[in-house]
Amino acid sequence: MKKATATMKKNDAGEENEEASPSRLIDARIEQLSDWRGEMLARVRRLIKQAEPDVVEEWKWRGVPVWERGGIICTGETYKSAVKLTFAKGASLEDPTGLFNSSLEGNTRRAIDFHEGDKIDEEALKALVRAAVALNMSARSAGSRKKSGST
């Protein structure tokens with residue numbers, strides 16, 4: 001199972017230095033925001049990790065935190081007035097509590113915009129993360145069954 005890890009590079013003196021891992025870059029983004037958006041991003045990140053302890057954190061597209069397990073679960077973009085969690089396959093997920101409130105017109109993605117002062121339904125968000133992982137894993141195993149069946 002792949003985990004986000006820091007890579008090592010040697011400096012001019014031949015000593016190894018740890019390059020910034022995706023997790024450290026996300027830490028830095030949270031610190032850099034230093035307002036309610038940083039707190040909100042840190043909070044949803046913690047909930048994602050609680051829901052899926054084997055989540056892999058990535059840093060893509062020049063600065064977007066991404067959480068993966070068997071594929072992309074969601075991204076965590078920050079804007080002036082919102083922290084947006086975009087679920088890669090959100091349109092295929094059940095959302096019984098109505099967390100999705102953005103990008104509702106698309107055929108694939110769905111998003112949750114969190115604004116300053118918003119309360120998070122923590123259990124519903126964790127359930128959504130688990131459902132996204134289950135969907136990714138089922139698609140992955142269906143793909144391996146197709147490959148192994150075609151000899």
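Residue indices begin at 1 and follow the sequence shown.
- The two atoms that bring Ala88 and Thr108 nearest to each other are O-CG2, 3.1 Å, heavy atoms only.
- One hydrophobic cluster holds both Leu93 and Ile48 under the rule that ILVMFWY side chains link at heavy-atom gaps under 4.5 Å.
- Nearest heavy atom pair, residue Glu57 against residue Trp67, reads OE2-NE1, 2.9 Å.
- The distance from atom CZ of Arg130 to atom CG of Leu135, rounded to the nearest 0.5 Å, is 16.0 Å.
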message: Thr86 vs Phe100, test: side chain to side chain contact (heavy atoms under 4.5 Å, CB included). Steps then yes/no.
response: CA-CA 9 Å; Thr86 302; Phe100 291 130; over 6 Å; no
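- Asp113 places no side-chain N or O within 3.5 Å of a backbone atom of Ala82 that could act as its donor or acceptor partner.
- Ile112 places a side-chain heavy atom less than 4.5 Å from the side chain of Leu125.
- Salt bridge status for Glu116 with Arg37: absent, with no side-chain N to carboxylate O gap under 4.0 Å.
- Val44 and Leu25 end up in the same hydrophobic cluster when Ile, Leu, Val, Met, Phe, Trp and Tyr side chains are linked at under 4.5 Å.
- Counted within 6.0 Å of CD on Glu31, heavy atoms from surrounding residues, nucleotides or ligands total 12 or fewer; the atom is thus considered open.
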field: Worked verdict on Glu123 versus Thr97 for side chain to side chain contact (heavy atoms under 4.5 Å, CB included)
entry: CA-CA 10 Å; Glu123 291 310 311; Thr97 60; over 6 Å; no
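- Looking at every heavy atom in both residues, Gly76 comes nearest to Leu41 through O-CD1, 4.1 Å.
- A salt bridge does not link Glu52 to Lys126: none of the charged side-chain nitrogens sits closer than 4.0 Å to a carboxylate oxygen.
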message: Quick one, Asp118 with Arg43, criterion salt bridge (charged side-chain N to carboxylate O under 4.0 Å, His left out). Give me CA distance, side-chain angles, the key distance, then yes/no.
response: CA-CA 12 Å; Asp118 280 356; Arg43 192 162 168 215; over 6 Å; no
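- Hydrophobic clustering, with ILVMFWY side chains joined whenever heavy atoms are under 4.5 angstrom apart, groups Leu33 together with Ile30.
- When all heavy atoms are compared, the tightest approach of Ile73 to Ala132 is CG2-CB, 3.8 Å.
- Of all the heavy atoms in Gly106 and Ala91, the pair that sits closest is O-CB, 4.3 Å.
- Residues Gln50 and Pro53 share a closest heavy-atom pair of O-CD, 4.0 Å.
- Put simply, the side chain of Glu94 never gets that close to the backbone of Pro96: no donor and acceptor are under 3.5 Å apart.
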task: For side chain to side chain contact (heavy atoms under 4.5 Å, CB included), just list the numbers for Cys74 and Arg109, CA-CA rounded to whole Å, side-chain angles, deciding distance to a tenth of an Å, and then say yes or no.
output: CA-CA 9 Å; Cys74 62; Arg109 293 184 299 273; over 6 Å; no
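- No single ILVMFWY cluster, assembled from side-chain heavy atoms under 4.5 Å apart, contains both Met137 and Val66.
- Atom CZ in Phe87 sits 13.0 Å away from atom OG in Ser92 (nearest 0.5 Å).
- Leu85 contributes atom CG, which lies 9.0 Å from atom CG of Leu128 (distance to the nearest 0.5 angstrom).
- A salt bridge between Asp54 and Lys49 is absent, with no side-chain N of the basic residue lying under 4.0 Å from a carboxylate O of the acidic one.
- A salt bridge does not link Arg29 with Glu77: none of the charged nitrogens is closer than 4.0 Å to a carboxylate oxygen.
- You'll find the side chain of Arg45 reaches within 4.5 Å of the side chain of Asp27, heavy atoms only.
- Asn136 places a side-chain N or O within donor-acceptor distance of the main-chain N or O of Ile72, the cut-off being under 3.5 Å.
- A donor-acceptor contact closer than 3.5 angstrom links the side chains of Ser102 and Lys84.
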query: Given the rule in the side chain to side chain contact (heavy atoms under 4.5 Å, CB included) test, do Val129 and Leu47 qualify, once you have shown the distances and angles that lead to the verdict?
result: CA-CA 9 Å; Val129 168; Leu47 293 170; over 6 Å; no
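- Expressed to the nearest 0.5 Å, how far CD1 of Ile26 lies from CD of Glu58 amounts to 8.5 Å.
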